[in-house]
Structures are given as C-alpha cells and as structure tokens.
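Read the structure below first, then the notes.
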Amino acid sequence: MNSTEIGRCSGKLFRARGVGWCQRREIMSKDATYTSKTPDAEGFFSYSAEEDAVWGELFEAQVEYLRDKATPEYFAGVELLGLKAGKVPQVKEIDARLAELTGAGVEGVPAIIPPSRFFDLLSQRKFPVATFLRRREQMEYIEEPDLFHEVFGHCPLLTNPDYVAFIEGVGKKAKALGKGYSWHLFRLFWFTVEFGMIKAGDGYRAFGAGIVSSPAEAAHATGGEAVIEPFDLQRVLRMPYRIDIVQPVYFAIDDFAQLAATLEEDWQAAIDGARAKGDLPAPFDKAA
C-alpha cells in the first residue's frame with residue numbers, strides 16, 4: 001500500500017466528502033469537536049430544531065444537485081427509506097425499514113470502533129453509522145464523518161440486494177482472510193462503496209457515498225473530464241489513492257450484479273497477485 005494511504009489510515013486526516021472507511025473507523029482525531037449521541041430507552045436519538053434544519057438544508061440542496069449525477073438506484077433507495085428534508089432520520093427506523101426490504105440494517109456507533117467490529121457488522125449486513133450531525137458553520141466541510149454522510153451517502157443503496165450482498169461479502173471475506181489482507185480490501189471498498197461509478201446509457205452516474213455526499217466530487221466525477229476506467233478487480237487492488245483530494249481516477253461497474261459477482265472470485269489469490277505485480281503508478285502525483 002502506498003504510504004499516503006497508510007499515513008491517512010492512522011486517523012490524522014479526515015474529510016466530509018468521502019472519509020475512507022479505515023480512516024474513520026480505526027481512530028478519531030484527538031481534536032474531534034463532536035460527540036456521539038446516546039439513544040434513549042427506546043433507541044431513539046434526540047436532535048434539536050436546529051439540527052433538523054441543518055439536515056433539511058443539506059438534504060434538499062444535495063438531492064436537487066444529484067438529479068443528473070447519481071444512479072437511479074440511489075434515488076429509488078431514498079424513496080424506499082422515506083428520507084425527507086423535514087427531520088433528522090432515526091437510526092432505529094432506517095434499520096427496521098432496511099430489514100424489511102433487503103435484510104440489511106444500520107447500527108449507531110461511537111466515533112471509534114475497531115476494524116474487527118466494522119467487519120463483523122458488515123458480515124451481518126449491518127452498516128455502522130455516526131449519530132451526530134454537523135453544525136451549521138461546517139455545512140460545507142467537516143472533518144469527522146457525520147450522520148449526513150452516513151445516512152444520505154451510504155444507506156439508500158442498502159435497499160439494493162446486490163449491493164447488500166457485496167457489503168456482506170466484504171465483511172465475511174475480511175474476517176476469513178485476516179488482517180494481512182485488510183489494506184487491499186480498503187482499496188476495493190474505497191473505489192466501490194465510497195467512490196464507485198456505474199454505467200448509464202452512454203455515460204456514467206455516481207453511486208459511491210463519497211461522491212453523492214459531496215457537490216465538488218460529484219461535479220468532478222460526472223463532468224466529463226474525470227478518468228473513469230472499467231471496473232477490474234486487479235487494477236482496483238493495485239491502484240493507490242489519497243483521501244485529501246478530488247479523486248483522479250474512478251472505476252465504473254456495469255451494474256450492481258457485477259459488483260456482487262466479484263464475490264465468486266478468489267480474493268486471496270487476487271490480492272496475492274496484486275502484491276506480486278506491485279502498485280500501479282500513483283495517479284495523484286500530477287493531480288495533487
């Protein structure tokens with residue numbers, strides 16, 4: 001793995017528009033300005049009128065912006081989950097709805113959970129979500145991954161059975177392969193769940209949470225000038241990335257069935273092969 005990735009996986013750098021899963025789950029910055037919320041006896045989190053307003057403004061602005069940029073499956077998920085601008089959604093209600101739709105779910109978690117817990121949740125079709133929401137003065141940028149990134153970015157596609165199968169498979173394979181294979185799984189997750197693109201007619205649409213939750217990333221990824229390669233497991237596993245810039249390279253799947261079909265491949269052999277060949281030239285050297 002490129003040293004840029006390792007350094008940022010230590011938790012020293014975060015960004016709201018696409019915080020990497022290893023970065024945000026392994027450790028939280030000591031200077032974090034937000035505290036995870038605690039649910040009441042019935043499992044609900046308390047949000048203020050101001051937090052409802054911030055959620056609503058973020059939701060309305062980004063939904064409108066994404067109309068011609070995100071995949072239709074994403075918008076279908078927003079509708080199926082009943083996400084709306086009026087009120088901050090409750091983790092408990094999203095979890096129940098996902099259980100009905102695909103057998104998936106979400107779980108509110110503290111800022112810090114070990115990778116083993118992260119993989120364990122994925123293997124159970126559960127996605128961990130932060131429970132705090134950014135403040136108004138940080139609506140455009142927040143270091144820590146908040147509930148808007150987690151719910152707006154990740155949850156809609158948990159209504160898609162093939163996407164859920166892939167999430168579950170990542171968790172199970174990570175647990176089976178062990179820590180020695182985690183770094184390459186970070187890359188696979190980064191270029192799919194966080195920054196994945198999908199073919200749409202004669203162009204591409206976004207489905208990665210780091211794209212749909214960021215106007216800048218969405219504009220870049222769908223503006224016609226970004227480098228978008230066909231999804232290829234070996235190239236993904238060998239592609240370095242940085243978390244502090246707009247992505248210079250994206251990978252596009254044909255459909256979500258293709259993503260689920262990767263689970264039939266031998267990931268251990270694929271990662272071993274990627275290691276043997278070595279990393280591809282870093283695409284961000286000239287882009288940074």
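Note that the coordinates shown come from a computational prediction; the quantities given were computed from them, not determined experimentally.
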Any chance you could lay out the side-chain contact (heavy atoms from CB on, under 4.5 Å) test for Leu122 and Phe189, step after step, and finish with the verdict? CA-CA 12 Å; Leu122 294 187; Phe189 206 90; 4.0 Å; yes
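- Using a distance-only test at 3.5 Å, with no hydrogens or angles considered, no donor-acceptor pair links the side chain of Thr131 to the main chain of Gly108.
- At least one donor-acceptor pair closer than 3.5 Å links the side chain of Trp55 to the backbone N or O of Lys84.
- Here the side chains of Gln124 and Glu107 are not in contact, with every heavy-atom distance at 4.5 Å or above.
- At least one side-chain heavy atom of Phe59 sits under 4.5 Å from a side-chain heavy atom of Leu83.
- Seen from the ring of Tyr74, Arg205 does not count as a face-on cation partner, given the 6.0 Å and 45° thresholds.
- Across all their heavy atoms, Ile94 and Pro89 have their closest contact at CD1-CB, 3.8 Å.
- Counted by atom type alone, Tyr34 and Gln138 present one or more donor-acceptor pairs between their side chains at under 3.5 Å.
- For the pair Arg187 and Asp279, the salt-bridge criterion is met [side-chain N within less than 4.0 Å of a carboxylate O].
- The residue from Phe231, Phe166, Phe207 that alone fulfils the ring-ring contact (aromatic ring centres under 6.0 Å, His included) condition with Phe256 is Phe207.
- Side-chain polar atoms of Glu50 and Ser48 form no donor-acceptor pair below 3.5 angstrom.
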Run the salt bridge (Lys or Arg N to Asp or Glu O under 4.0 Å) test on Asp95 and Lys92 for me, step by step, so that the C-alpha distance in whole Å, both residues' side-chain angles and the decisive distance to 0.1 Å come before the verdict. CA-CA 5 Å; Asp95 181 66; Lys92 180 178 180 179; over 6 Å; no
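- To the nearest 0.5 angstrom, Ser214 atom OG is 10.0 Å from His149 atom NE2.
- Considering all non-hydrogen atoms of both residues, Cys155 and Val129 come closest at SG-CG1, 4.5 Å.
- Among all heavy-atom pairs drawn from Pro128 and Leu121, the shortest one is CB-CD1, 3.8 Å.
- Salt bridge absent: Glu51 and Arg136 never bring a charged side-chain N and a carboxylate O closer than 4.0 Å.
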Full working for side-chain contact (heavy atoms from CB on, under 4.5 Å) between Lys173 and Phe119: CA-CA 9 Å; Lys173 285 181 179 288; Phe119 288 132; over 6 Å; no
Would you check, one step at a time, whether the test side-chain contact (heavy atoms from CB on, under 4.5 Å) holds for Thr38 with Phe45? CA-CA 6 Å; Thr38 301; Phe45 295 91; 5.7 Å; no
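- Taking each heavy atom of Pro281 and Pro240 in turn, the nearest pair found is O-CD, 4.5 Å.
- With values rounded to the nearest 0.5 angstrom, Glu265 atom CD is found 9.0 Å from Gln234 atom CD.
- In the displayed structure, Lys87 atom NZ is contacted under 6.0 Å by at most 12 heavy atoms of other residues, nucleotides or ligands.
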- Message: Is there a side-chain contact (heavy atoms from CB on, under 4.5 Å) between Asp255 and Lys199? Walk through the geometry before answering.
- Response: CA-CA 7 Å; Asp255 50 38; Lys199 291 183 180 179; over 6 Å; no
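- The salt bridge (charged side-chain N to carboxylate O under 4.0 Å, His left out) test with Glu168 singles out one residue from Lys126, Lys175, Arg125, and that residue is Arg125.
- The main-chain N or O of Leu58 is never found under 3.5 Å from a side-chain atom of Gln62 such that the two would form a donor-acceptor pair.
- Checked against a 6.0 Å centroid threshold, the rings of Phe148 and Phe152 count as neighbours.
- One finds the CG atom of Leu158 at 7.0 Å from the CZ atom of Phe127 (value rounded to the nearest 0.5 Å).
- Looking at heavy atoms from C-beta onward, Leu185 lies in side-chain contact with Ile271 at the 4.5 angstrom threshold.
- Note that Arg235 lies outside the cation-pi zone of Phe191, set by a 6.0 Å cut-off to the ring centre and a 45° limit from the axis.
- To the nearest 0.5 Å, atoms OG (Ser213) and NE2 (His154) are separated by 7.5 Å.
- With contacts defined as side-chain heavy-atom distances shorter than 4.5 Å, the pair Phe75/Arg67 qualifies.
- Under 4.0 Å is where a charged nitrogen must lie from a carboxylate oxygen, and between Asp120 and Arg117 at least one such pair does.
- Proximity of a side-chain donor or acceptor of Gln247 to a complementary backbone N or O of Ile245 within less than 3.5 Å is detected.
- Each of Arg134, Arg135, Lys37 was evaluated against Asp146; a single residue qualifies, Arg134, per the salt bridge (charged side-chain N to carboxylate O under 4.0 Å, His left out) test.
- Remark: Lys69 is positioned above the aromatic ring of Tyr65, its terminal NZ or CZ atom under 6.0 angstrom from the ring centre and at most 45 degrees off the axis.
- Contact record, Pro161 with Thr102: N-CG2, 4.1 Å, taken as the closest heavy-atom pair.
- Within a 6.0 Å sphere centred on CD of Glu100, other residues, nucleotides and ligands contribute more than 12 heavy atoms.
- The CD1 atom of Ile243 sits 10.0 Å away from atom CD of Glu194, with the distance rounded to the nearest 0.5 Å.
- Between Val236 and Asp232 there is no side-chain heavy-atom pair separated by less than 4.5 Å.
- Open room surrounds CD on Glu225; 12 or fewer heavy atoms of other groups in view lie less than 6.0 Å from it.
- The line from CG of Leu233 to CZ of Arg238 is 12.0 Å long, rounded to the nearest 0.5 Å.
- Criterion: ILVMFWY side-chain heavy atoms under 4.5 Å apart, direct or through other members. Under it, Leu133 and Phe44 are not part of a common hydrophobic cluster.
- When the options Trp183, Tyr241, Phe251 are evaluated for a ring-ring contact (aromatic ring centres under 6.0 Å, His included) with Trp190, the one that passes is Tyr241.
- Counting heavy atoms from C-beta on, the side chains of Met197 and Ile211 come closer than 4.5 Å.
- Across all their heavy atoms, Leu66 and Ala218 have their closest contact at CD2-CB, 4.1 Å.
- For Gln268 (side chain) and Leu177 (main-chain N/O), no donor-acceptor pair under 3.5 Å exists by modelled atom type.
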